[in-house]
Amino acid sequence: PDHPYSTILSGTLAAIYAAKKRIYITTPYFIPSDALLIAIKQAALSGVEVKLILPDKSDSVFVNAASYSYYLEIMKAGVEVYLYEKGFVHAKTIVIDDILSIIGTANIDVRSQELNFEVNAMVYEQKLNHDLTTAFYNDLKDCRKIGIEEWEKRNKLKIFFD
């Protein structure tokens, strides 16, 4: 982050914009910068399958609320949002198409992507990509998918808090 260009953010954005078929993201914290939010929505709107696994319950009420505030917007763009119910999901992975996998310490949030000293590995290798895709689908078994109608019907006070 002490470099004028955030390499984690730049790498994440480049990977998302390069996707042709699918993007699978698992992250415990989803508070994207404007650039990441636009990239994720643009990918979904352009026909890329975008799925996110996020925690049903975070370790912070405020982090949950901040994350929740983005769900409706990304779902309206075509992103599928799944809430992990088996505990607190702490994996930080991104799977792009059949070849690129990103694993590291950075969440999909402004602090991780631009401010903190984080490290991510960007691996171009089909086997790892396949293994992470399999793990993603196994984790989906412990998730519930949320929909636009369900999310819009939440308590108005809850929506305001988010």
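Leu140 and Val50 fall into different hydrophobic clusters, where Ile, Leu, Val, Met, Phe, Trp and Tyr are joined by side-chain heavy atoms under 4.5 Å apart, directly or via other members. Under the 4.5 Å side-chain heavy-atom criterion for grouping Ile, Leu, Val, Met, Phe, Trp and Tyr, Tyr68 is connected to Ile25 within one hydrophobic cluster. Ile53 and Ile74 are not part of a single hydrophobic cluster, where members link through side-chain heavy atoms under 4.5 Å apart. Linking Ile, Leu, Val, Met, Phe, Trp and Tyr residues whenever their side-chain heavy atoms come within less than 4.5 Å leaves Ile31 and Tyr84 in two separate clusters.
Gly78 approaches Ala44 most closely through the heavy-atom pair C-CB, 4.0 Å. Ala106 approaches Asn120 most closely through the heavy-atom pair N-OD1, 3.3 Å. The shortest heavy-atom contact between Leu13 and Ala35 is CD2-O, 3.5 Å. The minimum heavy-atom distance linking Pro28 with Pro55 is given by the pair O-CG, 3.2 Å. Summarising the geometry of Asp142 relative to Lys86, their closest heavy-atom pair is OD2-CD, 3.3 Å, with the distance given to 0.1 Å.
Between the side chain of Ser67 and the backbone N or O of Phe30 there is at least one donor-acceptor pair closer than 3.5 Å. A distance-only check finds no donor-acceptor pair linking the side chain of Asp56 to the backbone of Leu83 [under 3.5 Å].
Residues Tyr124 and Leu100 have side chains in contact (heavy-atom distance under 4.5 Å, counting atoms from C-beta outward). Residues Ile16 and Leu36 meet the side-chain proximity criterion, which asks for heavy atoms closer than 4.5 Å. Contact annotation: the side chain of Ile103 approaches that of Leu128 to within less than 4.5 Å [non-hydrogen atoms, C-beta and beyond]. Counting only heavy atoms from C-beta outward, the side chains of Phe136 and Val95 never approach each other to under 4.5 Å. Between Leu52 and Thr27 the shortest side-chain heavy-atom distance does not fall below 4.5 Å. Looking at heavy atoms from C-beta onward, Glu150 lies in side-chain contact with Arg144 at the 4.5 angstrom threshold.
Within the structure, salt bridge (charged side-chain N to carboxylate O under 4.0 Å, His left out) pairs that include any residue of residues 37-46 comprise Lys41-Glu73 (at least two apart or interchain). Screening residues 90-110 for ring-ring contact (aromatic ring centres under 6.0 Å, His included) gives Phe88-His90 as the qualifying pairs, with residues at least two apart or on separate chains.
Remark: Tyr24 engages Glu49, Tyr137 in a side-chain hydrogen bond (donor to acceptor under 3.5 Å, both in side chains) (not counting sequence neighbours). Applying the salt bridge (Lys or Arg N to Asp or Glu O under 4.0 Å) rule to Lys20 yields no partners; only residues at least two apart in sequence or on another chain are considered. Looking at residues two or more places apart in sequence or on another chain, you find a salt bridge (Lys or Arg N to Asp or Glu O under 4.0 Å) between Arg22 and Asp98. With sequence neighbours left out, the side-chain hydrogen bond (donor to acceptor under 3.5 Å, both in side chains) criterion links Gln42 to no other residue.
Rounded to the nearest 0.5 angstrom, Lys145 NZ and Met75 CE are separated by 10.0 Å. Leu45 CG to Ile40 CD1: the interatomic distance, rounded to the nearest 0.5 Å, is 12.0 Å. Between the CD1 atom in Ile23 and the CD1 atom in Ile102 there is a gap of 9.5 Å [rounded to 0.5 Å]. Remark: Tyr82 OH to Ile146 CD1 distance equals 10.5 Å, nearest 0.5 Å. Atoms OG1 and CG, from Thr93 and Asn129 in turn, are 10.5 Å apart once rounded to the nearest 0.5 Å. Distance check, rounded to the nearest 0.5 Å: CD of Glu125 to CG of Leu132 gives 10.0 Å.
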Full working for side chain to side chain contact (heavy atoms under 4.5 Å, CB included) between Ile148 and Leu72
CA-CA 6 Å; Ile148 293 171; Leu72 186 60; 3.8 Å; yes
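Around the CG atom of Asp34, the shell of radius 6.0 Å holds no more than 12 heavy atoms that belong to other residues, nucleotides or ligands.
Using a 30° and 60° split on the angle between ring planes, Trp151 and Tyr71 fall in the tilted class, from 30° to 60°.
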